[in-house]
Amino acid sequence: MIALIDCNNFFVSCERVFEPWLNGKPVVVLSNNDGCIISRSQEAKDLGIKMGEPLFKAKPLIECEGVRVFSSNFMLYGDMSRRVMQILKTFGEVEVYSIDEAFVNLDHVPTADLEKKAISIRETIWQYLNLPVCVGIAPTKTLAKVANHLAKKNAAYNGIALLDTPEKQAATRRHLAVENIWGIGRRYAVKLHQHQVYTAADLVDRSAAWVYRHLGGVVGVRLRQELLGNPCQELDLTEDPSRKNIACTRSFSRYITTLDELQEAVATYTTRAAEKLRLQRSAAKAITVFIRTNKFSVHAPQYHRATTIALPMASADTGELIRYALQGLRQIFQNGYAYKKAGVILSEFTPESQLQTNLFDTTDRDKSKKLMMALDKLNAKMGKNEWAENVISYAAGGTDKNWKMTLSQKSDRYSTHWKEILKVKI
DNA sequence: TCTGGGGTCCTAGGACCC
DNA sequence: TCTGGGGTCCTAGGACCC
């Protein structure tokens, strides 16, 4: 049996831990640059505020109803997430699926004790962290997702749902709309509806061959099996799963028109991506740079271009990566546009330990490695400033960065920074 | 005026090999 | 007129997830 634990309204719940008087009140958390609404309390959902809605559209409602608004505070959410995962590890093997979700292997728990276990998971996280979660238990990942969905939608379930018998699974399938199934997005939902497939029961009634043809090949077939209770997706229990791509992309708080400023941004993003790269002990052999104008402004001239540079040999050296990134940027930069976003994506990784050297390579790799280690160590020790930027950084990233994203209503990083720790007045 | 950021997997088709 | 069979690797594009 597999449990899926999902934190309710995670970002909002994290903010409420430190401002408990916001419980019962409408609260939302914004995306980077205070752009869109990406987390809503139940009260905010009830007001009709939609997921992903741009802030400016929801503003009249927010002001009228006195909704509390937070900028995103990913240092806080990331730390709270780590704490949740640590607690879960005491209940069984854990696959961290996203910042607010995890699968837990409950194979060692006797069937009769599953419900008790689910209650215990829920109560422990509440007791230690004051975060509300829902627990769904089933024999496959897909059904565990379904169970979690049930737990979330039905107040009577008290945050827990078990799909442990074929009878319960079949009954659930009959009422489960295809668009609510994990792995079926908007496109497939439309397609399925066109074929009179509306519920999970309709879907599993179609043959595997039919599903293969209409639902993305083997992915669909696996999904169908999982809905029937036959596991096709193992838990991924890899500690610290290494990424295959590492990206750092951001919108600017204002339009940028000059190459100089774009260079600062690209150098800054490359620095961040390179840190993540070294953290997972990889080196990258390719770097992609893109720049674009504001895709939402209908009248302004649009420009969007990307280029990928193949490095002569894989590298994790910030300085070297910045040089290639800027080279790419100069290739794609066009004068006369108002740029709104840029990004850097590292790819084609090799483990840092088995770097293939190049006959014509003149760089002192040993020196570079020592320098990066010293840099990372210092920055880890000194901590980041309020913009999550390092104390020691490359000058190419600029010093002023007045294009950087807006976070006008950010809460403190209560759990990771001494200066911002919660103060209690008695 | 104002619209996020970071990932994954799979398939089809082309180029190439023997 | 008749034109094999089996592979690999790469890329672009599509779909999905949170």
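A, B, ... follow the sequence lines: proteins, then strands. Residue 1 opens every chain.
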Q. Can you check whether A:W403 and A:Y339 have ring centres sitting under 6.0 Å from each other?
A. no
Q) Would A:N32 and A:S251 count as a side chain to side chain contact (heavy atoms under 4.5 Å, CB included) if you check the C-alpha gap in whole Å, the side-chain angles of each, and the deciding distance to 0.1 Å? A) CA-CA 8 Å; A:N32 278 341; A:S251 303; over 6 Å; no
How many Å lie between [atom1] on [X] and [atom2] on [N], as a whole number?
X: A:L223; N: B:dC9; atom1: CG; atom2: C1'; value: 14 Å
X: A:F296; N: B:dG4; atom1: CZ; atom2: P; value: 5 Å
X: A:I345; N: B:dG7; atom1: CD1; atom2: P; value: 9 Å
X: A:Y97; N: B:dC9; atom1: OH; atom2: P; value: 11 Å
X: A:R292; N: B:dG4; atom1: CZ; atom2: P; value: 10 Å
X: A:L215; N: C:dC16; atom1: CG; atom2: P; value: 8 Å
X: A:F103; N: C:dC18; atom1: CZ; atom2: C1'; value: 12 Å
X: A:R243; N: B:dG5; atom1: CZ; atom2: P; value: 18 Å

Please work out if [X] contacts a base, only the sugar-phosphate, or nothing of the nucleic acid, heavy-atom cut-off 4.0 Å.
X: A:R254; answer: nothing
X: A:L30; answer: nothing
X: A:E53; answer: nothing
X: A:K341; answer: sugar-phosphate
X: A:D34; answer: nothing
X: A:I99; answer: nothing
X: A:F10; answer: nothing
X: A:K295; answer: nothing
X: A:N32; answer: sugar-phosphate

Given [options], the nucleotide with the shortest approach to the side chain of [X]:
X: A:K145; options: B:dC9, B:dC2, C:dC17; result: C:dC17
X: A:C36; options: B:dT3, B:dC10, C:dC18; result: B:dT3
X: A:V219; options: B:dG4, C:dC18, B:dC10; result: B:dC10
X: A:V218; options: B:dT11, B:dG6, C:dC17; result: B:dT11
X: A:K244; options: B:dT3, B:dT8, B:dC2; result: B:dT8

Taking NZ, NE, NH1 and NH2 as the nitrogens, is one of them in [X] or [Y] under 4.0 Å from a carboxylate oxygen of the other?
X: A:D79; Y: A:R83; answer: yes
X: A:E275; Y: A:R272; answer: yes
X: A:K152; Y: A:E101; answer: no

Q | Sub-4.0 Å heavy-atom contacts from residues 186-206 of chain A onto DNA chain C, ordered by number | A | A:R186, A:R187, A:Y188
Q) Dot-bracket, DNA chain B: Watson-Crick or G-U, under 3.5 angstrom, [ ] crossing, | other strand? A) ....||||||||||||||
Can a side chain N or O of [X] be found less than 4.0 Å away from OP1 or OP2 on [N]?
X: A:N245; N: B:dG6; value: no
X: A:Y77; N: C:dC18; value: no
X: A:S251; N: B:dT3; value: no
X: A:K340; N: B:dT1; value: no
X: A:K276; N: B:dG7; value: yes
X: A:T249; N: B:dG6; value: yes

Q.
Just checking A:E53: does its CD atom have more than 12 heavy atoms from other residues, nucleotides or ligands closer to it than 6.0 angstrom?
A. yes
Q | Close side-chain approach of A:I62 to A:I37, heavy-atom, < 4.5 Å | A | yes
(Q) Do A:K141 and A:L235 make a side-chain contact, defined as non-hydrogen atoms from C-beta onward lying under 4.5 Å apart? (A) yes
(Q) Main chain of A:I256, side chain of A:E261: is a donor-acceptor contact present, judged purely on distance under 3.5 Å? (A) no
Q) Do you see a donor-acceptor pair shorter than 3.5 Å between the side chains of A:D34 and A:T406? A) no
Q. Do we get A:K340 above A:Y255's six-membered ring, with its NZ or CZ under 6.0 Å from the centre and within 45° of the axis?
A. yes
Q.
Heavy-atom nearest nucleotide on DNA chain B for A:A247 versus A:L55: which residue maps closer to 5'?
A. A:L55
(Q) Let me spell it out: for each of A:N33 and A:I246, pick the nucleotide of DNA chain B with the closest heavy atom. Which residue's pick is nearer the 5' end? (A) A:N33
Q: Evaluate the ring planes of A:Y303 and A:Y337, with Trp represented by its six-membered ring, and classify them as parallel (under 30°), tilted (30 to 60°) or perpendicular (over 60°).
A: parallel
